[in-house]
Amino acid sequence: MFKIGIVDTDEIFISRLKEVFECRFPDEFEIIYFPNLKKAQTAAEKTDLAALLTNHVHENDLKTIPRQCKTALLTENRASLKVLSVPAVCKYQSIDEWHEFLTALCKGDGFSVKGGENTRPRASEICLFSSTGGGVGASAAAAAFCVCCAAKGKSVVYLNFETLCSTERFFFGEGKFDFDDVIYALRSKKYELAPVLQKAIVRDARGVGFIKPCKVIPDAFSITGEEIVRICETIQGFDRFDLIVVDMNFESTENIVLPFLKSKRTILVTDGSINANTKLEKILEALPLISGKRRDKVIGKVAVLYNKFVTGVSETYENPEITRVGGITVIDAKDESELILKIATEFPMQKLCKEFAETEDSL
């Protein structure tokens with residue numbers, strides 16, 4: 001049995017963690033609470049304490065712990081913490097993830113320190129979907145991309161920030177919280193954002209994580225680009241997802257510029273109509289201006305996906321600078337759930353899934 005010491009001011013969290021471990025893994029781990037690092041140090045010197053988790057972020061504090069006792073930093077959000085030479089663990093994760101982390105920590109494997117940072121997990125990458133006009137099926141394409149990636153074994157979460165969100169047309173699942181609760185935690189300061197997000201993200205039967213949309217419409221209309229990025233960065237800190245797919249309107253340059261800069265890839269969806277192609281051209285002209293980046297750098301991270309493309313009616317936008325993912329014709333389906341399953345099997349989705357994994361961040 002491994003004895004795990006914890007130094008943290010959140011006694012409720014520690015109590016719950018002890019209770020769950022006593023129930024699930026009574027013969028593997030014993031969780032021991034210490035009120036301060038000095039008492040933990042004394043215990044590590046006199047007993048066979050296998051590991052110590054602490055919220056003390058100064059590395060010099062941990063140098064007083066005996067070498068045989070493994071140490072890790074306990075954080076609220078891993079993405080916000082730069083670890084110099086020890087592993088770190090985010091408090092808000094599943095019990096199975098906790099079990100995996102502690103097992104690896106105590107056995108001394110599963111971690112690698114390189115270049116001054118803990119490199120065990122890599123941050124989730126962000127793919128932004130937006131449209132060149134209403135009715136082109138951008139949300140269906142984004143949802144289908146999630147389904148395609150999930151089918152290939154990627155852990156993916158779909159975040160719809162459209163003012164009139166369509167998430168529940170594509171994904172189904174029961175969760176404690178929705179986007180109203182996430183926005184309240186984000187703005188009220190009464191609740192930590194990370195645990196609310198953890199409970200708000202539910203998994204669809206096809207393996208895609210998602211958050212149920214706002215019930216209070218003004219919340220959906222008022223969310224800012226800064227808030228969208230903070231939500232994404234908090235999710236990146238969970239170490240649960242390979243990919244975050246952000247679906248949002250290109251209605252406000254103020255809102256989209258920060259998510260655009262944060263994204264690894266931006267997919268602009270168009271149906272090839274005259275109006276959509278005109279808007280596509282304007283968007284491509286606007287992006288370098290609103291992002292403050294060189295045109296070649298900006299255009300390099302943009303790809304165009306044609307959806308609901310009608311041969312003889314739709315036209316491709318001819319610009320050699322632009323990467324084209326491919327085209328998807330109008331697809332018949334009895335409902336949106338069947339529609340995204342069909343789109344997910346189309347060649348452009350398969351191509352995008354592969355290319356996204358291989359593309360390096362160009363900004």
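Keep in mind that the numbers below use all heavy atoms, side chains included, and drop hydrogens, waters and symmetry copies.
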Under 3.5 Å, side chain of S166 to main-chain N/O of R169, donor-acceptor pair present? no

Just say parallel, tilted or perpendicular for the rings of F29 and F25, cut-offs at 30° and 60°. perpendicular

Tell me, do L261 and V257 make a side-chain contact under 4.5 Å, heavy atoms counted? yes

pair L305-M349: side-chain heavy atoms closer than 4.5 Å: yes

Check: T132 side chain, V269 main-chain N or O, donor-acceptor pair, under 3.5 Å: yes

Fit a plane to each ring of Y184 and Y191, take the angle between them on a 0 to 90° scale, and name the class: parallel (under 30°), tilted (30 to 60°) or perpendicular (over 60°). tilted

D242 (side chain) donor-acceptor with S155 (main chain) under 3.5 angstrom: yes

Looking at A150 and V156, what are the two nearest heavy atoms and their distance? CB-CG1, 4.0 Å

Residues, nucleotides or ligands: over 12 heavy atoms within 6.0 Å of E19 CD: no

Please test I331 against E346 for side chain to side chain contact (heavy atoms under 4.5 Å, CB included), starting from the C-alpha separation and ending with a verdict. CA-CA 10 Å; I331 295 176; E346 292 284 315; 4.1 Å; yes

Any Q236 side-chain heavy atom under 4.5 Å of I244 side chain: yes

Just wondering, more than 12 heavy atoms not from R295 lying within 6.0 Å of its CZ? yes

CD1 of I235 to CG of L193: how many Å apart, nearest 0.5 Å? 8.5 Å

Flag the pair R187 and E227 as a salt bridge only when some basic side-chain nitrogen lies within less than 4.0 angstrom of an acidic carboxylate oxygen. yes

Taking all atoms of both residues into account, what is the closest heavy-atom pair of D271 and F309, and its distance? O-CD1, 4.0 Å

How about K152 and C353: do any of their side-chain heavy atoms sit closer than 4.5 Å? yes

F250 ring centre to K279 NZ or CZ under 6.0 Å, with the angle to the axis within 45°? no

Could you pull out the closest heavy-atom pair between A276 and T270, with the gap in Å? CB-OG1, 3.2 Å

Could you tell me how the ring of F170 sits relative to the ring of Y158: parallel (under 30°), tilted (30 to 60°) or perpendicular (over 60°)? perpendicular

So, the side chain of S314 versus the backbone of T311: is there a donor-acceptor pair under 3.5 Å, distance only? no

Rounded distance (nearest 0.5 Å) linking atom CD1 of I126 with atom CG of L243: 9.0 Å

Donor-acceptor pair, distance only, cut-off 3.5 Å: does the side chain of Q350 make one with the backbone of A344? yes

Between T234 and A194 (side chain of the first, backbone of the second, donor and acceptor by atom type, cut-off under 3.5 Å), is there such a pair? no

Value rounded to 0.5 Å, distance of CD1 in I183 from CD1 in I231: 6.5 Å

Give a yes or no on whether the backbone of F241 and the side-chain of S124 come within a donor-acceptor separation of less than 3.5 Å. yes

Set out, in order, the CA-CA distance, both residues' side-chain angles and the distance that settles side chain to side chain contact (heavy atoms under 4.5 Å, CB included) for S131 and L268, then state yes or no. CA-CA 5 Å; S131 69; L268 294 178; over 6 Å; no

Could you check whether any side-chain heavy atom of F161 comes within less than 4.5 Å of a side-chain heavy atom of N255, counting everything from C-beta outward? no

Nearest 0.5 Å, please: how far is CD in Q41 from SG in C69? 10.5 Å

Atom CD1 in I274, atom CG in N277: separation rounded to 0.5 Å? 8.5 Å

Whether the side chain of K154 engages the backbone of C146 through a donor-acceptor N/O pair (distance < 3.5 Å, no angle test) should be reported. no

Pairwise side-chain contact, F172 with S337, heavy-atom cut-off 4.5 Å (strictly under): yes

Set out, in order, the CA-CA distance, both residues' side-chain angles and the distance that settles side chain to side chain contact (heavy atoms under 4.5 Å, CB included) for L128 and R265, then state yes or no. CA-CA 6 Å; L128 171 64; R265 192 62 130 156; over 6 Å; no

Under 3.5 Å, side chain of K301 to main-chain N/O of S263, donor-acceptor pair present? yes

Spell out, yes or no, whether L105 and V20 are grouped together once hydrophobic residues are joined by side-chain heavy atoms under 4.5 Å, including indirect joins. yes

Say whether L289 and L287 are linked into one hydrophobic cluster, either directly or through other cluster members, by side-chain heavy-atom distances under 4.5 angstrom. no

For F129 and V245, work out which heavy atoms get closest and say how close. CD1-CG1, 3.8 Å

Kindly say whether K215 contributes a backbone atom to a donor-acceptor pair with the side chain of D180 at under 3.5 angstrom? yes

For K212 and E168: C-alpha separation, side-chain torsions, deciding distance, then whether side chain to side chain contact (heavy atoms under 4.5 Å, CB included) applies. CA-CA 7 Å; K212 298 177 73 173; E168 289 188 313; 3.4 Å; yes

Salt-bridge test for R324 and E318: reply yes if a basic N is under 4.0 Å from a carboxylate O, no otherwise. yes

Any non-hydrogen side-chain atom of D8 less than 4.5 Å from a side-chain atom of I14? yes

Taking atom NZ of K342 as the centre, does the number of heavy atoms from other residues, nucleotides or ligands within less than 6.0 Å exceed 12? yes

Show the nearest heavy-atom pair for residues G137 and N307, with the distance to one decimal. O-ND2, 3.3 Å

Quick check for you: to the nearest 0.5 Å, what is the distance between D247 atom CG and C127 atom SG? 10.5 Å

Identify the two heavy atoms, one from A50 and one from C106, that lie closest to each other, and give their separation to 0.1 Å. CB-SG, 4.1 Å

With heavy-atom distances below 4.5 Å as the criterion, would you say the side chains of I322 and V304 are in contact? yes

